[in-house]
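Below you'll find the structure, written out as structure tokens, and then a few comments.
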Amino acid sequence: MTQLIKIKKGLDINLKGKPQETTKGSITSEYYTIYPDDYCGFVPKVAVKVGDKVLAGTPVFYDKNRPSIKVVAPVSGEITAVNRGEKRRLLNVIIKADDSTQYEDFGKKDVKSLSSQTIKTALAEAGILATVKQRPYDIVANPEDSPRDIFVSGFYSTPLAPNFEYILKGQESDFQTGLDALAKITEGSVYLSVRPDASSTLKSAKGVTVVEFSGPHPAGNASVQINNIKPINKGEIVWAVDPQDVITIGKLFNKGIVDFTRLISLVGSEVKEDARCYYQMITGASINTLVKGNVTEGIDLRYISGNVLTGTQISSNDSLHAGNNQITVIPEGDEVNEFVGWISPGLNKFSVSKTYPAFLIEPLTKKEYTIDARIKGGKRAMIMSNEWDKVFPMDILPEFLIRAIIAFDIDKMENLGIYEVAPEDFALCEFVDTSKMELQTIVRQGLDLLYKEMN
Amino acid sequence: MEFLRKYLDKIKPNFEPGGKLQMFNSVFDGFETFLFVPNKTSKKGVHIHDAIDSKRTMSIVVIALLPCLLFGMYNTGFQHYLAIGQNPGFWETFLYGMLAVLPIVVVSYVVGLGIEFIVAQIKGHEIQEGFLVSGILIPLIVPVDTPLWMIALATAFSVIFAKEVFGGTGYNIWNVALIARAFLFFAYPSKMSGETVFVRTDSTFGLGGGQVVDTFSGATPLGQIGSSSVPVEVTNTMGEALSYWDMFLGLIPGSIGETSTLCILIGAIILLVTGIGNWRTMLSVFVGGVATVLMFNAIGTTSAMQVSVGEQILLGGFAFGAVFMATDPVTSPRTQTGKYIFGFLIGFFAICVRVLNPGYPEGMMLAILFMNSFAPLIDHYVVEANISRRLKRATVKGGNNE
């Protein structure tokens, strides 16, 4: 029987702007941008120069410390810019796309006949391994590691998240091939997490252990699933793969090409209603044509590649970042001046705290909220306790872990579970925090420092 | 509110670095964020935030304290007119009490906020709202006849030495308001207990003049219990017996805000419904207190040991401390399990001090301050328990793999 894990702690933020389940064609752009910052734990070394011609699948940069890990071009074309910032830090690489994409040929392969190492090497060569995250440290996976287990979440639980079941339609065989490849890599299991009401396609996936998760966000986060299924102990390495990347893996072996086309959703309160749906898009494509004419005019908007909790702020000319499955548009809110808002009743305010009366009527109305990007308060020391515990469904004391990270007390961090977490797991804590602390940043810095210290 | 916003925007440059009033930057910022929710948007991390902030949190506590404050004002007048044998009606009674209590509130806020503003300016950070709560708690836990200069001194002492030296709001070890009370208690003991301080017998701003009637005694019920060697029936200031209902309503002598269990209950409901106060702490203080009273009742060798559960809970600062002081998130343990232990021991020690200590009839203040000191230790053991459970998990899994 399938195991069912009930997540009780957490929070679904009922935002306005959910996508309808229709696909409105594909979005192409003239230029494609690759951001090395999307690949954590990666020290980028550029493999191309301006003017070079690349194919979809040609390495653009590789990791200086682990050269076998590569990030490849998502489309074919010409490198037009290698932009650097302070201290020559690589900001991005821009490719001017050809009219039709030419692919590097990696050769069709039958996964069943391949060895674990061959698959890992193939994934690294094709730049797909760079999208696989390992725990601990929440960094890019290394082909030299043998992960204890691999976790694939078959659903998204973040605010306004796309529905993976919808994305999966028509790509079932690639998804299965991807899972087969992952199953070969680990000596342990591939765990596929699904919702209890998932379709039989997902539930009957072969070669994997299907685990059902009910409950609010962050039920879809890999760390939460790992912590509840089989926690990580010191010295163990596990991998977490986004389900759309599993499909990409499948395509690599079934078709012999790297195809980073994803189905992304355009969502958020400021997206016009008929534009809130799914679009085919290749990682790195500019969102310019996607949002043009489709968003509210006359107010400042915030464009986010990803979701409102963990996404990256971009401009309307920037591009879809790697690993993201949605583009969210919300009001920026910097023009709003709210008179004595801290004491006013605030019927339209969303708060978990029950200090706003909205919580009384919400269960009846199922109100969808429009929330802007304001922080809505000053930064303070930790005052309220146990706020974070309510949205943190792991056997970890989040406040004490954060304290250990701030103090950089390695022993304490290890003991309190630093190896099990990723910054995204603290996103909800950051959202509900009265003291407005930047918890994800704290965790990321802590993980980076610890990685340096331990390796 | 457009004109206000425009005015603030106009004068704002003066307070920014390089402006001629930049030394008052924190003060301006304090007022600006008081009037308008900051419209600063997030640069890193999550893109949306919960609408709650520290200001709202503190304001809810202040709102929860208002019933106690208003009742305290009325009760001050009520006790006064009882003492002089008059009954001038509700509004005059309230007015007398308000005029007696308001100066204490004003002094507490002016001194406390003044220091906060100065410190914020020196350290160059935002003005933090922790004192909003402390500033109203201090007047509520002192006798009404405390001289204003003492209130000023105690407030200054606690804000500087119990809070700012530790780093400000969120960093203090002991409850700031209780430190002010403790300072008064140890520095001026004669003004903090006894028969003369809890009922104001003088006129206030010319209002309520008169002679104290012959039968008057200003002893609080706990004072009566504490000073008697035989079991006593507690009485009001006129020597009439008090029922549980009287004690619950709170028309009895005591510190300004602590007498009415009814108003404390209203405050507790506000804190619990909004989730600002922790029910675990509140509940376990009462459980600890009741268990300890029952234990003493069972021994019953002295008159103090025979005081009933109802009286111990309804009288003095027990309920007030449980609802408003023990639940202070900064000075109580931060783990949920820790809160149970913390609360239970506060209840236990408060009753122990009341029953076993011959000199002073109340124990809540010292019990809470004492347990504040142990809050980090309690947390330490709760966290250690979590760590050892997690380590055990590691060994078990390791064993399976071998």
Side-chain angles (χ1 to χ4, degrees), chain A residues 13 231 233-234 302 304 308-311 313 328 330 332-343 346 349-356 371-386 389 395 397 399-400 415-417 427 430-436 438-441, chain B residues 1-2 4-5 29 33-60 63 126-130 167-171 273-276 278 329-330 332-336 339 379 382-383 386-387 389-391 393-395 397-398:
Chain A
I13 307 169
N233 298 305
K234 194 181 176 184
R302 170 163 299 207
I304 303 160
V308 289
L309 293 178
T310 59
Q313 184 182 356
T328 313
I330 58 168
E332 180 73 14
D334 56 350
E335 305 141 313
V336 181
N337 283 302
E338 208 181 316
F339 184 65
V340 291
W342 51 277
I343 191 69
K349 302 278 181 58
F350 181 83
S351 177
V352 188
S353 68
K354 298 200 170 66
T355 59
Y356 287 89
I371 308 182
D372 59 36
R374 283 177 303 151
I375 301 168
K376 304 186 184 87
K379 287 202 172 70
R380 297 289 180 267
M382 285 180 198
I383 298 174
M384 299 303 286
S385 53
N386 310 114
D389 302 67
D395 182 20
L397 297 167
E399 184 181 322
F400 290 87
N415 286 336
L416 289 168
E430 192 175 325
F431 172 79
V432 300
D433 186 23
T434 305
S435 301
K436 314 290 178 188
E438 285 172 349
L439 300 177
Q440 293 186 91
T441 311
Chain B
M1 291 303 134
E2 276 290 295
L4 199 58
R5 184 66 249 172
D29 183 73
T33 55
F34 173 83
L35 290 170
F36 293 98
V37 176
N39 59 8
K40 209 172 123 197
T41 56
S42 63
K43 293 282 169 276
K44 283 191 280 188
V46 294
H47 298 273
I48 57 173
H49 283 83
D50 191 294
I52 193 168
D53 71 339
S54 178
K55 276 192 182 54
R56 192 168 184 93
T57 310
M58 301 295 175
S59 316
I60 299 284
I63 291 168
E126 279 184 48
I127 288 167
Q128 312 200 337
E129 36 292 290
T169 304
Y171 296 104
V273 168
T274 53
I276 298 295
N278 194 293
V330 176
S332 55
R334 303 195 62 92
T335 52
Q336 302 284 37
K339 288 188 162 92
D379 272 344
V382 176
V383 173
N386 176 279
I387 289 174
R389 187 175 67 241
R390 295 169 53 79
L391 284 180
R393 180 190 82 191
T395 19
K397 288 278 162 61

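Letters A, B, ... mirror the listed sequences (proteins, then strands); counts begin at 1.
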Interface residue of largest heavy-atom contact number with chain B, from A:T355, A:L397, A:L309, under 4.5 Å: A:T355
Looking only at heavy atoms and a cut-off of under 4.5 Å, which of A:I371, A:L439, A:I304 has the most pairs with chain B? A:I304
For B:T335, is it the side chain, the backbone, both or neither that has a heavy atom under 4.5 Å from a heavy atom of chain A? both
Select one option (side chain, backbone, both, neither) describing which atoms of B:Y171 are under 4.5 Å from chain A's heavy atoms. side chain
Using a cut-off of under 4.5 Å on heavy-atom pairs, state which of A:N415, A:T328, A:I343, A:I13 scores highest against chain B. A:N415
Hey, is the main chain of A:T434 close enough, under 3.5 Å, to the side chain of B:D53 for a donor-acceptor pair? no
Does A:F339 offer a backbone N or O that forms a donor-acceptor pair with the side chain of B:R5 under 3.5 Å? no
Residue part contacting chain A, namely of B:R334, when any heavy atom lies under 4.5 Å: both
Tell me whether A:E430 contacts the main-chain N or O of B:V46 through its side chain, where contact means a donor paired with an acceptor under 3.5 Å. yes
Among B:I276, B:T41, B:T33, single out the residue with the greatest number of heavy-atom pairs under 4.5 Å to chain A. B:T41
Which bit of A:V336 is near chain B, if near means a heavy-atom gap under 4.5 Å: side chain, backbone, both or neither? backbone
Atom group of A:L416 that falls short of 4.5 Å from chain B, counting heavy atoms: both
Residue from A:T441, A:V352, A:N386, A:T310 scoring the most non-hydrogen pairs under 4.5 Å with chain B is A:N386
Heavy-atom pairs under 4.5 Å with chain A: which of B:V37, B:L4, B:N278 has the most? B:V37
Go through the atoms of B:E126 and report whether side chain, backbone, both or neither lie under 4.5 Å from a heavy atom of chain A. side chain
Decide yes or no on side-chain contact (heavy atoms from CB on, under 4.5 Å) for B:T169 and A:I383, but give the supporting numbers first. CA-CA 8 Å; B:T169 304; A:I383 298 174; 3.8 Å; yes
Working to the nearest 0.5 angstrom, can you tell me the gap between B:M58 CE and A:R380 CZ? 8.5 Å
Contact origin within A:F400 toward chain B - heavy atom pairs under 4.5 Å: side chain
Is a donor from one side chain sitting under 3.5 angstrom from an acceptor on the other, for A:S353 and B:R56? no
Which one of A:A373, A:G378, A:G346 has the most heavy-atom pairs closer than 4.5 Å to chain B? A:A373
At what distance, to the nearest 0.5 angstrom, does CD1 of B:I52 lie from NZ of A:K354? 11.0 Å
So, the side chain of B:H47 versus the backbone of A:G311: is there a donor-acceptor pair under 3.5 Å, distance only? yes
Does any backbone or side-chain atom of B:D29 lie under 4.5 Å from a heavy atom of chain A? Answer side chain, backbone, both or neither. neither
When the 4.5 angstrom heavy-atom criterion is applied to A:Q313 and chain B, the contacting part is both
Of the listed residues (A:K379, A:Q440, A:E335, A:E399), which shares the most heavy-atom pairs with chain B below a 4.5 Å separation? A:E399
If you measure only the distance, is there a donor-acceptor pair under 3.5 Å linking the side chains of A:K376 and B:N39? no
Check: B:S54/A:K436 side-chain N/O donor and acceptor closer than 3.5 Å: no
Start with the C-alpha gap between A:D372 and A:I330, add the side-chain angles, then the distance that decides, and say whether side-chain contact (heavy atoms from CB on, under 4.5 Å) holds. CA-CA 6 Å; A:D372 59 36; A:I330 58 168; 5.9 Å; no
